[in-house]
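Notes follow the structure.
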Amino acid sequence: MTRTLIAELGEKIGERVTIRGWVHALRDQKRMQFVIVRDETGLAQVVLEKHEPASEENEAVSALTAESAVTVTGTVAADERVKLGGLELRLEELAVDSPAEPELPVTADSALDKRIDWRYLDLRRPDRRLIFEVQTTVEFAMREFWRKDGFIELHSPKFMGSASESGAELFKVQYFDRDAYLAQSPQFYKQMAMAAGFGRVFEIGPVFRANPSFTSRHDTEFTSVDVEISWIDSHEDVMAFEERWLSYVLAEVSRQHGEAIEETFGAQLTAPAVPFPRITLAQAKERLRESSQEPVAAAHDLDPAGERALSALVLEEHGHEFAFVTDYPTAVRPFYHMRHEHDPTLTRSFDLLWRGIELTTGAQREHRYAQLLAQAHEKGVDVGPIQYYLDFFRHGAPPHGGFGFGLTRLLMQMLGQDNVREVTFLYRGPHRLAP
RNA sequence: GGGGGCGUAGCUCAGCUGGUUAGAGCGCUGCCCUGUCACGGCAGAGGUCGCGGGUUCGAGUCCCGUCGCUCCCGCCA
């Protein structure tokens, strides 16, 4: 028995075929029975006349429940009466592969948290499926671009013996007779690849953050996209790569799914023009102070409201949805970010904002061993546990820099969703470990 | 972690200043309906009002605690 996909039925009029999928709807009438079957390619109407007395097939159709997994064999017929594509399948054989219990615990309009409880049912909806079709295209396009640019793919370890940045957000796990930590970032390892002479690397992999954060854009485990590039002159080279690369990825997604995304989520997607606008953090705060309604926080960083306001400002002035914010103060950046020679209170770093949220963070890294050590000490970093990392810079390390970001933040903005949980296959948060 | 809001039927929600048998829509069950397509009609089942304590003659409603959800902030990607 060959399975025919519902999308292919139009080419098989008059033929006897077998479709396999889920019962989407059931209309069991006195003389006619209609079953709408759904597979991953679409919906199809299955029809059966009722006999007197009811045939075995009639009884089987009557006993169906919504969302049961079924295999239906019948003849494809064109019929103008059918609103669903003018096609139907005249039922000859019906097999229930796995019945669904009569009452479903969630519906399309259930609260997100409840939909996650029953994620496998939630994900059966075509619009949810589109999210993961897009995710697949995003990763494919990224790799395509990287590969053309000579990047090497990394799979760095997720067990670590020490923190890669600060200790606060690390998950501690038992590792035989001692403690280990789950990697919060592949940062140290992609820098090791620079010292190893790999030149340009990327990694798409899981990272773990023990933040008790309850927001629409945080989770405790997420897929991080990381890039690191050797032989750069400054963080500008990193930004120049990132914008070309992102623009390509968005162009591909727009080309392949733009219409579906707009239809399903109402979100418009076009490839952004390169270069993206750049503004230093100091200038950004100055501009916000000038133009603004709301007081700008005195802190060293932009708060979420500041990010939204800045994005709006850039969109208004440059017609651009992206904005690089550069030159963050040394105080708010990790010890390994390279500092400006003319002003060591500022780092050669950047954040990338898209449609009001922080998408990526990047920087040129400090590759000079003595300078790196001095910065670690100045920041009060305990260098004992990370000596292996510092060693990477003792035998010839190229100047380098890179960036990283959460894949779901990109997807969320791309699809006009308001929560990373919506675009995460299975969300992990402080209170969520199942399913 | 701090602040606001919320928790009532399988789902989404209503329930006014405390007052007798706690409601609606959808779903579910049964019956009816000559092709439905958001099918339609009739009938019915279904709730220890998140949990624990308190105030009161009386608590879904007020108070305290607790758990969970949600939004904003902090932290970040």
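Given the structure is predicted, the values throughout are model-derived calculations rather than measurements. Each chain gets a letter, A, B and so on, in the order its sequence line appears, and its residues count up from 1.
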Exercise for the section: May I ask you to decide if F425(A)'s main-chain N or O and R119(A)'s side chain share a donor-acceptor pair within less than 3.5 Å? Expected result: yes
Handout entry: Y328(A) six-ring face occupied by R333(A) cation (under 6.0 Å, within 45°)
Key = yes
Handout entry: Stacked cation flag R27(A) on F34(A), 6.0 angstrom / 45 deg
Key = no
Taking atom [atom1] in both [N] and [M], compute the distance separating them and give it to the nearest angstrom.
N: G18(B); M: C28(B); atom1: C1'; value: 34 Å
N: G3(B); M: A45(B); atom1: C1'; value: 44 Å
N: C63(B); M: C16(B); atom1: P; value: 14 Å
N: G52(B); M: G68(B); atom1: C1'; value: 15 Å
N: U34(B); M: A24(B); atom1: C1'; value: 34 Å
N: C31(B); M: U12(B); atom1: C1'; value: 28 Å

Handout entry: Min side-chain heavy-atom separation D149(A)-F202(A) under 4.5 Å
Key = no
Exercise for the section: Classify the side chain of Q45(A) and the base of U36(B) as holding, or not holding, a donor-acceptor pair under 3.5 Å. Expected result: yes
Fill in the blank from the handout: Here the residues of residues 350-362 of chain A within 4.0 Å heavy-atom distance, strictly under, of RNA chain B are E358(A), L359(A), T360(A), T361(A)
Problem - Proximity of F151(A) and F241(A) rings by center, below 6.0 Å - result: yes
